[in-house]
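Comments concern the structure below.
A quick note: this is a predicted structure, and the numbers were derived from the prediction, not measured.
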Amino acid sequence: MARPTKQPPASSSILPAILRHAEARRLDVEALALRFGLPADAAQRDEVSVAADVPDELLHAVARAAAEPDVALRVAARLESRRHTLTELAVRASANVREALHLLARWAPLLHEGLAATVEEDAHEARWLLRTPRRPRGVGRYVHELALAHALHHVRAGAADLAPARVWFTHARPPDLAVLRAFFGTGAIAFGAEACGFAVPRADLDRAMRLADARALSTLAPLVDAELGARPQGASFTERVAAHVADSLPRGTDVHEVALALHMSARTLQRRLDQEQTRFSDVLDHTRLAVARRLLADPALTLTDVAFRLGFADLATFTRAFKRWTGKPPGQWRRS
């Protein structure tokens, strides 16, 4: 039986694809469905509502059973449903790599409810960024890998040799990076980042997609947008709490003070965060980490300065927290 969970369900089109992949590998799909509390026909559906952690845990189970450490990269290329077919055709019809990346960012929630992606550009590169506003620490290694691989797979369908300059993930470093380096085509892969993402040189953005078709895109894009419009719209309350905490540091670390500032009781604040699959302590940790990264980039600030600006009572407490978040003490992180 699936273990009990307080998480509200999230709609996932990843999960049926995982089960179909497991079936192709001759794994016992019925046993997997029973273990994770899934409907018996989950593999035949376009999407399934499950606790947010289940897709990553299922990918992990299949990776072990099939001896496929690259299972997420494999499944990313085998998402089969009406919405994924429409997405694939629309992206291939994009004018250039820039447009393809922006469309894939816009439609990222169709993979798994709670995913949010954006594209940032500067003079040197474009960054495709994946975040999970409802779950500040992410949704797990395998889902992170799958989401980035899915985006890159579709862009490569029209720009075959596109290779990121670098890739980064929020989760901890896995034991072996060989499959990731081979797929992404770069050895510059980092872990413990604030978001997941990959960067491509700015010069690649204007590369034409091989099957560019403005007429087809004008038909397909509204159909994909309609699929997206039927999905839940994200976790604005979590973002509102995080924004208040960031603006209030070094104050803003007490749930009662934050609730008062947002004109509600602490109990109501906790309940609304729980509805969005997170807790105040998680939002606080994520926000402190994001601010810590910015402060540590300033060489004029000592580690003690950073600790106090984040609302920690002393450097030792900050050091323990930062090491829990990233696996490194702040001084080592600053030097790396």
If the threshold is 4.0 Å, N to carboxylate O, is there a salt bridge linking [X] and [Y]?
X: Arg272; Y: Glu276; answer: no
X: Arg127; Y: Asp122; answer: yes
X: Asp285; Y: Arg279; answer: no
X: Asp41; Y: Arg45; answer: yes
X: Arg141; Y: Asp56; answer: no
X: Arg251; Y: Glu257; answer: no

Can you name the closest pair of heavy atoms from [X] and [Y] and give their distance?
X: Leu249; Y: Val291; result: CD1-CG2, 4.0 Å
X: Ala43; Y: Arg20; result: O-NH1, 2.8 Å
X: Thr319; Y: Pro329; result: CG2-CB, 4.1 Å
X: Pro109; Y: Leu228; result: CB-CD1, 3.8 Å
X: Val97; Y: Ala159; result: CG2-CB, 3.9 Å
X: Val200; Y: Pro164; result: CG1-CA, 4.1 Å

**Report entry** Donor-acceptor pair between His112 and Ser13 side chains, under 3.5 angstrom
**Finding:**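 No, Ser13 and His112 have no side-chain donor paired with an acceptor closer than 3.5 Å.
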
Query raised in the report: Going by atom types only, do Glu47 and Ser12 share a side-chain donor-acceptor pair under 3.5 Å?
Result: no

Using residues 65-76 as the side-chain source, report each donor-acceptor pair under 3.5 Å to any protein atom, sequence neighbours left out, with the distance given to one decimal.
residue : atom : partner : partner atom : Å
Glu68   : OE1  : His21   : NE2          : 2.7
Glu68   : OE2  : Arg25   : NE           : 2.5
Glu68   : OE2  : Arg25   : NH2          : 3.4
Asp70   : OD1  : Arg74   : NE           : 3.0
Asp70   : OD2  : Arg74   : NE           : 3.2

Please round to the nearest 0.5 Å and tell me the distance separating atom [atom1] of [X] and atom [atom2] of [Y].
X: Glu194; Y: Thr287; atom1: CD; atom2: OG1; answer: 9.0 Å
X: Leu205; Y: Glu121; atom1: CG; atom2: CD; answer: 5.0 Å
X: Thr238; Y: Asp282; atom1: OG1; atom2: CG; answer: 10.0 Å
X: Leu303; Y: Phe322; atom1: CG; atom2: CZ; answer: 9.5 Å
X: Asp305; Y: Phe308; atom1: CG; atom2: CZ; answer: 8.5 Å
X: Gln270; Y: Arg267; atom1: CD; atom2: CZ; answer: 11.0 Å

Query raised in the report: Does CZ belonging to Arg324 count more than 12 external heavy atoms closer than 6.0 Å?
Result: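 Yes - once you tally the heavy atoms of other residues, nucleotides and ligands closer than 6.0 Å, there are more than 12.
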
Requested in this report: Answer yes or no: are there more than 12 heavy-atom neighbours, outside Arg64 itself, under 6.0 Å from its atom CZ?
Outcome: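 Atom CZ in Arg64 is not crowded, with 12 or fewer foreign heavy atoms closer than 6.0 Å.
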
Test item: [X] side-chain N/O and [Y] main-chain N/O as donor-acceptor pair under 3.5 Å:
X: Arg288; Y: Leu310; answer: yes
X: Thr170; Y: Ala193; answer: no
X: Arg210; Y: Ala157; answer: yes
X: His144; Y: Val139; answer: yes
X: Ser248; Y: Val245; answer: no
X: Trp128; Y: Ala199; answer: no
X: Ser94; Y: Asn96; answer: no

Would you check if [X] and [Y] make a side-chain contact, meaning some heavy-atom pair closer than 4.5 Å?
X: Arg207; Y: Asp161; value: yes
X: Leu115; Y: Leu110; value: no
X: Arg156; Y: Leu152; value: yes
X: Leu146; Y: Leu59; value: yes
X: Asp46; Y: Pro16; value: no
X: Glu113; Y: Ser11; value: yes
X: Leu273; Y: Val241; value: yes
X: Phe198; Y: Leu129; value: no

Query raised in the report: Stepwise, does the side chain to side chain contact (heavy atoms under 4.5 Å, CB included) test hold for Arg173 with Leu177?
Result: CA-CA 8 Å; Arg173 186 186 191 277; Leu177 300 186; 3.3 Å; yes

Query raised in the report: With under 30° as parallel and over 60° as perpendicular, where do the rings of Phe191 and His171 fit, or are they tilted in between?
Result: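 Taking His171 first and then Phe191, their aromatic rings sit tilted (interplane angle of 30° to 60°).
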
Report task. Would you sort out whether Leu38 and Val54 count as a side chain to side chain contact (heavy atoms under 4.5 Å, CB included), showing the intermediate values? Result -> CA-CA 10 Å; Leu38 306 175; Val54 168; 4.3 Å; yes

Report task. Begin from the C-alpha positions of His60 and Tyr142 and carry the test ring pair (Phe, Tyr, Trp, His ring centres under 6.0 Å) through to its verdict. Result -> CA-CA 7 Å; His60 186 201; Tyr142 293 99; 5.7 Å; yes

Report task. Step by step, work out the side chain to side chain contact (heavy atoms under 4.5 Å, CB included) result for Phe183 and Glu145. Result -> CA-CA 10 Å; Phe183 176 84; Glu145 291 178 0; over 6 Å; no

Query raised in the report: Would Arg92 and Asp213 count as a salt bridge (charged side-chain N to carboxylate O under 4.0 Å, His left out) if you check the C-alpha gap in whole Å, the side-chain angles of each, and the deciding distance to 0.1 Å?
Result: CA-CA 8 Å; Arg92 291 187 181 193; Asp213 186 335; over 6 Å; no

Is it possible for you to say whether [X] and [Y] belong to one hydrophobic cluster, with membership spreading through side-chain heavy-atom contacts below 4.5 Å?
X: Leu217; Y: Val224; answer: yes
X: Trp168; Y: Leu180; answer: no
X: Leu284; Y: Met264; answer: yes

Query - Pair Glu99-Met209, side chain to side chain contact (heavy atoms under 4.5 Å, CB included): steps then yes or no - result: CA-CA 9 Å; Glu99 185 173 42; Met209 295 290 280; over 6 Å; no

For residues 311-318, tabulate all N or O donor-acceptor pairs below 3.5 Å that involve a side-chain atom, not counting sequence neighbours.
residue : atom : partner : partner atom : Å
Asp314  : OD1  : Ala316  : N            : 3.3
Asp314  : OD1  : Thr317  : N            : 2.8
Asp314  : OD1  : Thr317  : OG1          : 2.7

